[in-house]
Amino acid sequence: MTGRISVSKRETPLTLAYWKTVGGTLCLEYPINHGFSDSGRRLLDGVILTDLPS
């Protein structure tokens, strides 16, 4: 599924709640590995950049 973001139904509300307490810029489902022939794509639930605006 190219171009679609798979958002976790359990982790996303927790990530959003935490982000609201710390502020900054939130990047949901941040890719750390785009996938190789022997492994799948890996995503972080979210990355918060606290030095940037919301």
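- Between Glu29 and the options Val47, Thr15, Leu43, a side chain to side chain contact (heavy atoms under 4.5 Å, CB included) holds for only Leu43.
- With hydrophobic clusters built from ILVMFWY side chains whose heavy atoms lie under 4.5 angstrom apart, Leu26 shares a cluster with Val22.
- Taking hydrophobic clusters as Ile, Leu, Val, Met, Phe, Trp and Tyr residues chained together by side-chain heavy-atom distances below 4.5 Å, Leu16 does not share a cluster with Leu44.
- Between the side chain of Thr25 and the main chain of Pro53, a donor-acceptor pair closer than 3.5 Å is present.
- Contact check for Leu49 versus Asp51: no side-chain heavy atoms found under the 4.5 Å cut-off.
- Nearest heavy atom pair, residue Trp19 against residue Gly24, reads NE1-O, 2.9 Å.
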